Amino acid sequence: MLWNVFLNLLLFSPNIAMHFPQKRSKILMNKVREMFYFGYDNYMSHAFPMDELNPHDCNGRGPDYDNPSNININDVLGNFSLGLVDSLDTLAIMGDEQYFKNAIQYVINTVSFDQECTVQVFESTIRMLGSLLSAHLIITEWTDVFNITLDDYDNELLSLAHDLGVRLLPAFENSDEMPLPRVNLRHGKSELFSDHTCTAGVGTLILEFKMLGRLVGDPVFEMVAERAMDKLWDLKDSKTGLIGNVYNTKSASWEDPMSGIGAGIDSYFEYLLKSFILFGNEKDLSRFSDYYDSIVKYMKRYSINDDSLSDYDNPFYFANVNMKTGKLQNHWIDSLSAAFIGVQILHGDLEAAILHHALFYGLWLKYDALPERYNWHLKKCEYALYPLRPEFVEATYLLFQATRHPFYLFVGEKIYDSLQTYNKAKCGYATLNSVISKKQEDRMESFFLSETCKYLYLLFDLDNPLNKRSDFIFTTEGHLMRISKFAREKMTIFEPQNSRSLNISHLYSCETFPKHRQMIPPFSDEFWGNLVNFIDLKV
């Protein structure tokens, strides 16, 4: 009741002063730390060395060997202690040196990729490969930030990353230059469900593969990832500039021509922009800019069909459209599309990111979670699952970093309260089978520890070293990469690009967001009222 009273005052009264005490941030930081360790310690006690924790049964989950077609499980779980590996840099970011060192030792002693498992290249790259690279660099190269060293460390994490990378390479042995979606970690190329792949699965390898190639001095990793990116670019529609969702690797044609910013495509756009930021390849920036223009032109829709309304008063969303015509394909948006808010921030489209975020915040208020799919036409869930996804939390954190607006701390507190109330289980945090009934499902995916908790912690840890720097970016799984001379100048295959210094500090400076706007809600009364009506939010 008190929250609703405050929310009405906060969101419907633009003249009300906003303030979030630093003491309150610290309390919430510690509460999020406790949330993380409740999940992590229970994983280590009840599930390790298996891949995931079942938070109801308090035991571990691994690949479904009895049912190879169960790709919901087998794409992700490879009997390689996923829950531990994916959490490594979260431990470092939280400043827990001994926990981090212990975790590294567990990885070195137990993790092996010589497994009779068929896994998805995309998931293994972003969750396992990215985390191993980040943890290796924390120990060896980023001691000025984390001040963590292991005296007896002999590049074991990099060796594991290299071994995994080599085992993923057979996916690229495909005649049309599009990598196959899955490999068998022991035997290589796999024909299991290999006839189609999604755009994100092809276009979200470049950061990890390129960094691996440079660290081990092998140009092959960079070459295959660049070739896949070039192939995707060639497959976009020449009229609209849009790209489809699912590509058939057998027929070499689009199986699903739906274009959007959510599931199946989302991180492709993210990696084009971040590839430019990290490696300085201007080709990637040019391609991203073209896509961004096409997305705004064909996908952006307003909730009210009234040209007299200002953009700042009319809530918008990005619709799913046909890649060839730009015409509406369906009436839903998905939770993964919240990740595009972070892309908008990095692109410098801050005002649009603020208004876009408000849509997902409204949905969070409506359900205390984000459903996998929400039908904006019928104003109801189309797929009510919430698997503890981090995208909305990440967007909230990044908007706070970009604006320093206390509103986003209030949003973060609401997220924390919802997770504590509806997702906490006996031995961890559980997926919501339905955001409506709040019935739980016995699964805690690794990204809850590697991303959801990490971004929520960083939101409230105002003095965290990462929050005072502008030379780090996060991969799509929340693992760290550093913008450096090494990344930008050490080209292993291609002609050296212009390695000019890229200053992105303005993206994280509160000076670019007027200080007087930090004292009032970041959007107008009229905008919020129209949004409330658009999603049928009962405030």
Side-chain angles (χ1 to χ4, degrees), residues 198-204 206 229-247 254 256-277 282-305 311-312 314-360 363 370 373-374 376-377 391-392 394-395 398-399 402 476 507 531 534:
C198 68
T199 296
V202 175
T204 314
I206 190 69
M229 295 291 270
D230 290 342
K231 180 66 175 181
L232 279 178
W233 177 252
D234 291 341
L235 290 171
K236 76 181 190 316
D237 187 76
S238 59
K239 176 185 174 183
T240 65
L242 298 174
I243 195 162
N245 196 297
V246 178
Y247 182 80
W254 287 107
D256 182 0
M258 186 191 82
S259 190
I261 60 167
I265 303 181
D266 53 344
S267 48
Y268 169 51
F269 302 131
E270 174 190 355
Y271 268 38
L272 278 172
L273 182 55
K274 289 182 176 179
S275 177
F276 165 69
I277 293 171
E282 304 232 2
K283 175 179 67 175
D284 293 329
L285 177 62
S286 176
R287 289 175 176 179
F288 170 81
S289 298
D290 286 351
Y291 277 129
Y292 195 86
D293 291 344
S294 295
I295 288 167
V296 172
K297 180 178 179 180
Y298 290 103
M299 297 183 199
K300 191 174 182 180
R301 302 284 202 278
Y302 289 95
S303 63
I304 302 173
N305 189 19
D311 283 2
Y312 296 101
N314 197 352
F316 69 85
Y317 55 96
F318 290 98
N320 298 315
V321 301
N322 186 288
M323 66 173 286
K324 297 182 180 300
T325 64
K327 292 183 178 179
L328 189 67
Q329 186 96 347
N330 52 52
H331 295 93
W332 52 261
I333 55 176
D334 62 42
S335 62
L336 283 167
S337 59
F340 197 70
I341 298 162
V343 176
Q344 290 176 295
I345 296 168
L346 279 179
H347 186 48
D349 202 354
L350 184 57
E351 294 293 346
I354 289 169
L355 300 181
H356 193 195
H357 177 274
L359 169 62
F360 292 94
L363 291 173
L370 283 188
R373 288 183 182 177
Y374 177 78
W376 47 262
H377 181 66
E391 286 75 18
F392 176 61
E394 176 188 14
L398 293 176
L399 270 175
T476 199
L507 296 176
L531 179 59
F534 177 56

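For the numbers below, each heavy atom of this structure counts, side chains included, while hydrogens, waters and symmetry mates do not. Since the structure is predicted, the reported quantities are computational estimates derived from the model, not experimental observations.
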Colleague: Would you indicate whether the side-chain heavy atoms of Asp256 and Gln329 approach each other to under 4.5 Å?
Modeller: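 When only atoms from C-beta onward are counted, Asp256 and Gln329 do touch, with a gap below 4.5 Å.
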Colleague: When rounded to the nearest 0.5 angstrom, what distance separates CD1 in Ile345 from CG in Leu273?
Modeller: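 So the CD1 of Ile345 and the CG of Leu273 are separated by 11.5 Å.
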Colleague: Do any N or O atoms from the side chain of Ser294 and from the backbone of Leu242 form a donor-acceptor pair under 3.5 angstrom?
Modeller: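 Answer holds: no.
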Colleague: Hey, is the main chain of Asp334 close enough, under 3.5 Å, to the side chain of Ser337 for a donor-acceptor pair?
Modeller: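 Yes.
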Colleague: Can you name the nearest heavy-atom pair linking Tyr298 to Lys239, along with the distance?
Modeller: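 Nearest pair, atom of Tyr298 first, then Lys239: OH-O, 4.0 Å.
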Colleague: On a heavy-atom basis, which atom in Thr204 and which in Ser267 lie closest, and how many Å separate them?
Modeller: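 That would be OG1-OG, 2.7 Å.
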Colleague: Quick check: are there more than 12 heavy atoms from other residues, nucleotides or ligands sitting under 6.0 Å from NZ of Lys300?
Modeller: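 More than 12 within 6.0 Å, yes.
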Colleague: With side chains defined as the heavy atoms from C-beta onward, is the minimum distance between Tyr247 and Lys231 less than 4.5 Å?
Modeller: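 Contact flag for Tyr247/Lys231 side chains = yes.
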Colleague: Is it the case that atom NZ in Lys324 sees more than 12 heavy atoms from other parts of the structure closer than 6.0 Å?
Modeller: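 Incorrect, the count does not exceed 12.
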Colleague: From Ile333 CD1 over to Leu363 CG, what is the distance, rounded to the nearest 0.5 angstrom?
Modeller: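 It is 5.5 Å, given to the nearest 0.5 Å.
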Colleague: Over all heavy atoms of both residues, which pair between Ser335 and Glu391 is shortest? Give the atoms and the distance, please.
Modeller: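 Shortest heavy-atom separation between Ser335 and Glu391 comes out as O-CB, 4.0 Å.
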Colleague: Is any side-chain heavy atom of Asp230 closer than 4.5 Å to one of Lys283?
Modeller: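 They are in contact (side-chain heavy atoms under 4.5 Å apart), so the answer is yes.
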Colleague: Between CG of Leu285 and CZ of Arg287, what distance do you get to the nearest 0.5 Å?
Modeller: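 The CZ atom of Arg287 is 12.0 Å from CG of Leu285, to the nearest 0.5 Å.
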Colleague: Name the one of Trp332, Tyr374, Phe534, Phe360 that satisfies ring-ring contact (aromatic ring centres under 6.0 Å, His included) with Tyr317?
Modeller: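 Of the listed options, the one satisfying the test is Phe534.
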Colleague: Taking the inter-plane angle between the rings of Tyr292 and Phe288 on a 0 to 90° scale, is it parallel (under 30°), tilted (30 to 60°) or perpendicular (over 60°)?
Modeller: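 Because their plane-to-plane angle lies in the 30° to 60° range, the rings of Tyr292 and Phe288 count as tilted.
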Colleague: I'd like to know if the side chain of Trp376 and the backbone of His331 have a donor-acceptor N/O pair within less than 3.5 Å.
Modeller: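 Pair found, side chain donor or acceptor close to backbone of His331.
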Colleague: Would you mind reporting whether Ile341 and Leu398 have side-chain heavy atoms less than 4.5 Å apart?
Modeller: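 Side chain of Leu398 against side chain of Ile341, heavy atoms only: no contact under 4.5 Å found.
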Colleague: How long is the span from the CD atom in Gln344 to the CD1 atom in Ile354, to the nearest 0.5 Å?
Modeller: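 These two atoms lie 10.5 Å from each other.
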Colleague: Assess the side chains of Asp311 and Tyr302: does a donor N or O sit below 3.5 Å from an acceptor N or O?
Modeller: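 Distance-only check passes for Asp311 and Tyr302.
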Colleague: With a 3.5 Å distance limit and no angle check, can you tell me whether Thr240 reaches the backbone of Gly326 through a side-chain donor-acceptor pair?
Modeller: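 No, Thr240 side chain to Gly326 backbone: no donor-acceptor pair under 3.5 Å.
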Colleague: Check for a donor-acceptor pair, side chain of Asn314 on one end and backbone N or O of Ile304 on the other, with a separation under 3.5 Å.
Modeller: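 Here the side-chain-to-backbone pair exists.
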Colleague: Any idea which heavy atoms bring Met299 and Ser259 closest together, and the distance?
Modeller: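 Scanning both residues, the minimum pair turns out to be CE-OG, 3.3 Å.
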Colleague: Within a strict 4.5 Å, meaning less than it, do heavy atoms of the Met229 and Leu272 side chains meet?
Modeller: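 They are in contact (side-chain heavy atoms under 4.5 Å apart), so the answer is yes.
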Colleague: Got Val202 and Tyr268 here, is their nearest side-chain heavy-atom distance under 4.5 Å?
Modeller: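 When only atoms from C-beta onward are counted, Tyr268 and Val202 do not touch, as no gap falls below 4.5 Å.
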Colleague: Counting only N and O atoms by type, is there a donor-acceptor contact under 3.5 Å from the side chain of Asp284 to the main-chain atoms of Tyr271?
Modeller: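 Side chain of Asp284 to backbone of Tyr271, a donor-acceptor pair under 3.5 Å: no, none is there.
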Colleague: Measure the acute angle between the ring planes of Phe340 and Phe318, then classify it against the limits of 30° and 60° as parallel, tilted or perpendicular.
Modeller: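 Phe340 and Phe318: perpendicular rings.
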Colleague: Show your reasoning for whether ring-ring contact (aromatic ring centres under 6.0 Å, His included) applies to Tyr291 and Trp233.
Modeller: CA-CA 10 Å; Tyr291 277 129; Trp233 177 252; 5.3 Å; yes
Colleague: When Pro257 is tested against each of Val321, Asn322, Asp237 for side chain to side chain contact (heavy atoms under 4.5 Å, CB included), which residue passes?
Modeller: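 Among the candidates, only Asn322 passes.
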Colleague: Can you tell me how far CG of Leu531 sits from CG of Leu355, rounded to the nearest 0.5 angstrom?
Modeller: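 The CG atom of Leu355 sits 9.5 Å away from the CG atom of Leu531.
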Colleague: Does the side chain of Leu328 reach to within under 4.5 Å of the side chain of Arg301, using non-hydrogen atoms?
Modeller: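 Side-chain contact under 4.5 Å: yes.
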Colleague: Above 12 or not: heavy atoms from other molecules or residues under 6.0 Å from CG of Asp234?
Modeller: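 Buried by this count: over 12 neighbours within 6.0 Å.
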Colleague: Looking only at heavy atoms, which two atoms of Ala395 and Ala338 are closest? And how far apart?
Modeller: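 For Ala395 versus Ala338, the nearest heavy atoms are CB-O, 3.9 Å.
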Colleague: Do Leu399 and Leu350 have side chains that get closer than 4.5 Å, going by heavy atoms?
Modeller: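 Sidechains of Leu350 and Leu399: in contact.
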Colleague: Hey, is the main chain of Glu282 close enough, under 3.5 Å, to the side chain of Ser286 for a donor-acceptor pair?
Modeller: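 Side chain of Ser286 to backbone of Glu282, a donor-acceptor pair under 3.5 Å: no, none is there.
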Colleague: In Å, rounded to the nearest 0.5 Å, how long is the span from CD1 of Ile243 to CD1 of Ile265?
Modeller: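 One gets 7.0 Å once the value is rounded to the nearest 0.5 Å.
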